[in-house]
2 protein chains.
Amino acid sequence: MVTTLERSTYHHGDLRTVLLSAGVAMLEAGEPFSLRALARQARVSPAAPYRHFADRSALESALAVQGLQDLMRDLTQGRSEATSSADVADLAVRYVQFALRRPAMFRLMFGRECDHQDDERIRAATALHDYLAAVMADVFPDADAQALAMAGWSLAHGLACLHLDGKFASSDQSAVDERVRSTVAAVFPRNPTNRTPRTS
Amino acid sequence: MVTTLERSTYHHGDLRTVLLSAGVAMLEAGEPFSLRALARQARVSPAAPYRHFADRSALESALAVQGLQDLMRDLTQGRSEATSSADVADLAVRYVQFALRRPAMFRLMFGRECDHQDDERIRAATALHDYLAAVMADVFPDADAQALAMAGWSLAHGLACLHLDGKFASSDQSAVDERVRSTVAAVFPRNPTNRTPRTS
DNA sequence: TTGACAAGTAAGCAGTGCATACATCAATCT
DNA sequence: AGATTGATGTATGCACTGCTTACTTGTCAA
């Protein structure tokens, strides 16, 4: 007997969302992530999750969507409409902070080949890219916002990965922040014209 | 019976290097990588590799060292001493090409937390960073080479990861190259003074 | 020659993803 | 009301994984 079921009803109620939130918690805690462990935590048989997710990668994809939305929230919250050159560095700092604070989730989101058929996932990733491009268009109105968005995202992503990997000594939290900020400043030009927020 | 041993000698001869090169080949081929599969390919019992590697992660670390050295070779070869701003973009292109050409190896090298005790691995990574810093010092003699090296590496790494992940449509090889080049150009300043090669 | 040691093997553990067959419940349609 | 049916969970088992322990085999040096 693999699980002692103390549940009164046969049906779980809302297994899918329970699995997802348990999965998030499991990634947060850094525990080894597996379908069986998840089922165990939900007090459900090892095969039950397959009623809600085609396979392991589908579950991972769903978790990745959650992560992308969380990341998006981290990036957007607390930012007013006014944008300056320093805001770009702030975004990078938040991005790296997310990766270091939730390494397992970050790796799940980016460290494997993802399911490109998953509409929700594509939407979440696209939203992130679009937001970045909008910020860039605000800050650098005379430059190619798409190219800058790609550069900014790539730079932040690379910083996050390399820090996660320990390629750069990441002793202190604030030290990392400072390094990210100065790295971004090294390649991103100063805000040329401090415009008012765009009206559109 | 898990393996039919047609080997004449009991001892394999040079199992360690055979395992390593078989591992590289396996990553290249995109086959699922496992210790047992490796042992199978070397026509050796599943426990034999443990004579040469403490555990799976030690083997992976050794493979990652090979990958880092290969990457270093890709980056350094064909580059003359003369350095211009475009050379920086070239390095990024080569970096991304490496990742796209050998995705499994690239993920092995960077996609997991690595063993920071492995001296050889640290040395390989440091060599890469130092090389980059030297190039930056050549191309931008008036700037902070360390910061630029970090920015350059992060940018290239981020581009590689995001392309691998399919975050940017990577239809054509040359299209990817062009995009990488333009992205780097978007944030890296033009070469201020086209100096002669440094003499030191 | 022999004894120590390195380098293999055999067998088995716990854990994994996944497939199949079966049990149970809840809602729907006569 | 009562039968049917589909969704949801269970039981069981397969092939595979990393890893450990105990054993065997060959090599080399004293």
Side-chain angles (χ1 to χ4, degrees), chain A residues 1-23 26-27 29-64 104 107-108 111-115 118, chain B residues 1-23 26-27 29-64 104 107-108 111-115 118:
Chain A
M1 183 182 318
V2 93
T3 55
T4 3
L5 300 173
E6 296 150 5
R7 177 161 28 95
S8 59
T9 65
Y10 182 88
H11 286 295
H12 183 281
D14 196 2
L15 184 53
R16 190 191 148 94
T17 67
V18 167
L19 286 175
L20 281 182
S21 61
M26 195 168 268
L27 290 176
E31 299 165 23
F33 171 77
S34 77
L35 268 177
R36 292 179 106 101
L38 221 53
R40 227 172 291 139
Q41 195 150 45
R43 306 196 148 280
V44 122
S45 90
Y50 286 95
R51 290 290 149 190
H52 301 274
F53 301 97
D55 55 6
R56 181 195 165 122
S57 88
L59 206 174
E60 287 184 350
S61 208
L63 284 173
R107 287 218 153 87
L108 182 72
R112 17 170 112 352
E113 28 207 325
C114 70
D115 182 10
D118 188 335
Chain B
M1 182 184 320
V2 93
T3 55
T4 2
L5 300 173
E6 297 150 2
R7 177 160 30 93
S8 59
T9 65
Y10 182 89
H11 286 295
H12 183 281
D14 195 2
L15 184 53
R16 190 193 147 92
T17 66
V18 166
L19 286 175
L20 281 183
S21 60
M26 194 167 269
L27 289 177
E31 298 165 25
F33 170 77
S34 77
L35 268 177
R36 292 181 107 102
L38 221 53
R40 229 171 291 141
Q41 195 150 46
R43 307 195 146 280
V44 122
S45 87
Y50 286 94
R51 290 291 148 190
H52 301 275
F53 301 96
D55 55 6
R56 180 194 166 122
S57 87
L59 206 175
E60 287 184 350
S61 208
L63 285 173
R107 288 219 154 89
L108 182 72
R112 18 168 111 354
E113 31 208 322
C114 71
D115 182 9
D118 187 334

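Residue numbering restarts at 1 for every chain, and letters A, B, ... go by the order of the sequence lines.
- Defining each end axis of the helix from C:dT1-D:dA30 to C:dT30-D:dA1 as the rotation carrying four pairs' C1' atoms onto the next four, with five pairs an end, the two axes are found to diverge by 10° to 10 degrees.
- Across B:S45 and B:P49, no two heavy atoms sit closer than the pair O-CD, 3.5 Å.
- Evaluation of the salt bridge (Lys or Arg N to Asp or Glu O under 4.0 Å) test over residues 46-56 of chain B, restricted to residues two or more places apart or in two chains, returns B:R56-B:E60.
- Atom C1' of nucleotide D:dG18 and atom CZ of B:F33 are separated by 12 Å, given to the nearest angstrom.
- Residue B:L59 contributes atom CG, which lies 14 Å from atom C1' of D:dT17 at whole-angstrom precision.
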Short N/O separations, protein against nucleotides 20-23 of chain D, under 3.5 angstrom:
none

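- If you take CZ of A:R56 and P of C:dA19, they are 14 Å apart, rounded to a whole angstrom.
- A:F53 and A:A62 make their closest contact through CE2-CB, 3.9 Å (heavy atoms, listed as atom of the first residue, atom of the second, distance).
- Atom pair B:R43:CZ and C:dT9:C1' shows a separation of 16 Å (rounding to whole Å applied).
- Checked against D:dG9, C:dG8, C:dG17, the side chain of B:A48 finds its nearest nucleotide in C:dG8.
- Listed nucleotides: C:dT16, D:dG9, C:dG8. Nearest to the side chain of A:S34: C:dT16.
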Under 3.5 Å, which donor-acceptor pairs do the side chains of residues 14-21 of chain B form with other protein atoms, sequence neighbours left out?
unit_1, atom_1, unit_2, atom_2, d
B:D14, OD2, B:T17, OG1, 2.9
B:T17, OG1, B:D14, O, 3.3
B:S21, OG, B:T17, O, 3.2
B:S21, OG, B:V18, O, 3.2

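- The side chain to side chain contact (heavy atoms under 4.5 Å, CB included) check on A:Q41 picks up A:A22, A:M26, with sequence neighbours excluded.
- Smallest separation of non-hydrogen atoms from B:D118 and B:S61: OD2-OG, 3.0 Å.
- For the pair B:F53 CZ and C:dG8 P, the computed distance is 11 Å after rounding to whole Å.
- When the C1' atom of D:dT17 is taken as reference, atom CG of B:D55 falls 14 Å away, rounded to whole Å.
- OP1 or OP2 of D:dG9 has not a single side-chain nitrogen or oxygen of A:S45 nearer than 4.0 Å.
- Taken to the nearest 0.5 Å, the OG atom of B:S57 stands 11.5 Å off from the CG atom of B:L63.
- Counting to the nearest Å, the P atom of D:dG18 and the CG atom of B:L35 are 5 Å from each other.
- The interatomic distance linking B:H52 (NE2) with C:dC5 (P) rounds to 18 Å, in whole Å.
- At a threshold of 4.0 angstrom between heavy atoms, the contacts of A:R36 include nucleobase atoms, whether or not backbone atoms are also involved.
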Less than 3.5 Å apart, which donor and acceptor atoms pair up between the side chains of residues 30-37 of chain B and the rest of the protein, not counting sequence neighbours?
unit_1, atom_1, unit_2, atom_2, d
B:S34, OG, B:A37, N, 3.0

